[in-house]
Amino acid sequence: MFGSKFRRFFYLSYNISKILLKYSKVHDEEDIKELEEFGTQLREKLEEMGPTFIKLGQMLSLRFDILHPVICRELRKLLDHSSTTEFGSIRYLLEKEYGLGLNHVFEEIDNKPFASASIAQVHRAKLKSGQEVAIKIRKPGIKEKFEEDVGLLQTITGIISKLPKMGTMNLPKLINEFERWSEDELNFTNQAKNMERFRDNLSCFDFVIIPEVHWDLTKENVLVYNYLDGFTLNEIITAIEKNDKKVLKKLEKMNIDLKKFVTNYPKVLFKQTFDDGYFNADPHPANVILMEDNKIGLIDFGMVGELTELELSHLFIAVLGFVERDIDTLVNLVLKIGRERGKSVNVGLVRSKVEEILREAGKSSVKDLDAVELFYKLFSVFYETDLELPVEFAALGKEFATLEAVADIIAPDYNLIKELRPVCTRMLKREIKQKFSERKLLKSISKFLSMTEDIPETINGILDTFKKGKIQIVVKTEDIQGEKNDRDLRTIIIFLLSISISLFLSFGGNLSKISSGFDLEILLIWILVFPFVFALLYMLIRKK
């Protein structure tokens, strides 16, 4: 046991060091061919190193801030090539989980899996009730293998990160992130919960089917759900590319209209992304099933992304910036969401990169504009300026890339930028509604009233201080004649000053509240105070 672990440690250390050494040579390379060659070598090496590293490569394909986008694009080709586990081992695992022989649980079960990947394989079966189900089983020993590999990776990267030029990559943090990601995907109970939540969120679409989970048969390493009959998007793409008339005829018989699919499927992606902020972070075509009468079945929710309200707001700004090709909006967004890694950000460089991307985009019409290429180029700004890109945004980039890649084959006329325009309108309406909701407005008024309760007392205190002579204001003017005018002017100035000080104190002396963006309390204050200030200024001018 110890000997095999040591050999694995040596094997991984050698290959990871070799990869990083090679990467250090192409890191600042502008030659696209050189980057593509490295990406290919990296992909092949990760496949050779096993399932853990295939999954690591899939996560790295989203990290445009660490790897050059050309390399990330190559890593997107990583597939879960994996041999199937013999049914004897699968039977043993299932009977151990249920404490019963399979014939007591299922009416029948197919010995051959209809889908297999590095982590799990899926068998078709029939329950005693006659319901057809899919059984997704985590392969025996795979979790232990992942845990061992991740442990070795943490040790290796901990050593390597101390070497010169490697600290900026923060490899230990990357591996910790990968560990959390893997744990979620390996736990099938979590996947089942995700399926339930997506079914609720997408219930507004009558053409979407997310299979029901059989909770009594679902465990941490076994997921049982209703079987969906149809063709996967992968199978359809292959049929179109090979002109497989047999499959295409079956699609006709099932009343499946591919143009209808291209109209409906983006609605599903946009709803979960822009409305719910809860999306499938791995929208693989093998997990999308086209069913009879244009129904769309969705399975496999091992990887999900979730956006906060602030991130949703940033996403809206990003999409709006893209659609309108607004340089200032995109520059500000990049600086806002990008977290610095070690050194200060060159704002001028960020701006010049964004300008260059939009200038290139400006040469194309909306119809010819490649939205995915635009996303990749914007992501490259993070890489080139040492800013950290939140993984949720990178996952969204993958979602859009998958959508456009599918559309290129099924409906070449599809244009993502054009489709995003109505999304922008909808999101803008939602932003306004949220900002000015009755609840928020009442809350803001309540805050404002509590903030202003102390203003009269504060003004009295300030005036009292003036009366005692502890504060003096000297006003020099040549235009105001007479003691009465002078006294009137002094009174006006003191009153204005009192209001200003009171407002400042009611903010707790925190000026950042004023500069942090739109705030209903501030708006209310100025709506109420401005007329008085204006009237006083008018009186002052009239006295002159």
Would you compute the distance between atom [atom1] of [X] and atom [atom2] of [Y] and round it to the nearest 0.5 angstrom?
X    : Y    : atom1 : atom2 : value
L258 : L248 : CG    : CG    : 8.0 Å
L94  : F87  : CG    : CZ    : 7.0 Å
I90  : T85  : CD1   : OG1   : 5.0 Å
F231 : L290 : CZ    : CG    : 10.0 Å
T218 : F188 : OG1   : CZ    : 10.5 Å
I175 : D149 : CD1   : CG    : 10.5 Å

Within a 6.0 Å radius of atom [atom1] on [X], are there more than 12 heavy atoms belonging to other residues, nucleotides or ligands?
X    : atom1 : value
K260 : NZ    : no
F10  : CZ    : no
Y11  : OH    : yes

Would you call [X] and [Y] a side-chain contact if the rule is heavy atoms closer than 4.5 Å?
X    : Y    : value
V213 : V224 : no
W215 : K193 : yes
D275 : N201 : no
M59  : L174 : yes
L12  : F53  : yes
F114 : V122 : yes
T238 : D244 : no
K145 : P51  : no

Applying the side-chain hydrogen bond (donor to acceptor under 3.5 Å, both in side chains) criterion to E185, which one of Q191, Q58, K55, R138 satisfies it?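 Single pass found, and it is K55.
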With sequence neighbours excluded, tell me which residues meet ring-ring contact (aromatic ring centres under 6.0 Å, His included) with F270.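 Testing F270 for ring-ring contact (aromatic ring centres under 6.0 Å, His included), a comparison that skips the adjacent residues, returns F274.
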Going by the rule salt bridge (charged side-chain N to carboxylate O under 4.0 Å, His left out), which residues pair with [X] if we only count those two or more places apart in sequence or in a different chain?
X    : result
E48  : K45
E212 : none
K143 : E220
K219 : none

Ring centres under 6.0 angstrom apart (F38, H68): no
Would H214 and N226 count as a side-chain hydrogen bond (donor to acceptor under 3.5 Å, both in side chains) if you check the C-alpha gap in whole Å, the side-chain angles of each, and the deciding distance to 0.1 Å? CA-CA 8 Å; H214 291 265; N226 287 352; 2.6 Å; yes
With E144, which residues qualify under side chain to side chain contact (heavy atoms under 4.5 Å, CB included), at least two apart?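 So E144 forms no side chain to side chain contact (heavy atoms under 4.5 Å, CB included) with any residue.
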Using every non-hydrogen atom in the two residues, find where [X] and [Y] come nearest and quote the distance to one decimal.
X    : Y    : result
A117 : K139 : O-NZ, 2.8 Å
P211 : M195 : CG-CE, 3.5 Å
T52  : F178 : O-CZ, 3.3 Å
I54  : L78  : O-CD1, 3.8 Å
S61  : C72  : O-CB, 3.4 Å
G57  : L46  : CA-CD1, 3.7 Å

Tested for side chain to side chain contact (heavy atoms under 4.5 Å, CB included) against V222, the lone hit among L93, T189, L217 is L93
Side-chain donor/acceptor of Q272 to backbone N/O of N280, under 3.5 Å: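 It does hold such a pair.
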Using a strict threshold of under 4.0 Å (side-chain N to carboxylate O), is an ion pair present between [Y] and [X]?
X    : Y    : answer
R197 : D276 : no
R199 : E196 : yes
R8   : E148 : no

Output, in order, the C-alpha distance, side-chain angles, deciding distance and verdict of side chain to side chain contact (heavy atoms under 4.5 Å, CB included) for I71 and Y23. CA-CA 10 Å; I71 299 169; Y23 178 65; 3.9 Å; yes
Which is it for E183 and N190 under the side chain to side chain contact (heavy atoms under 4.5 Å, CB included) test, yes or no, and what are the steps along the way? CA-CA 10 Å; E183 282 175 356; N190 284 345; over 6 Å; no
Please lay out, stage by stage, how I210 and Y225 fare under the test side chain to side chain contact (heavy atoms under 4.5 Å, CB included). CA-CA 9 Å; I210 296 175; Y225 55 87; over 6 Å; no
Would you check, one step at a time, whether the test side chain to side chain contact (heavy atoms under 4.5 Å, CB included) holds for N176 with Q154? CA-CA 8 Å; N176 289 337; Q154 285 170 331; 3.0 Å; yes
Give me the ring orientation class for F198 and F301: parallel if the planes are under 30° apart, tilted from 30 to 60°, perpendicular past 60°. parallel
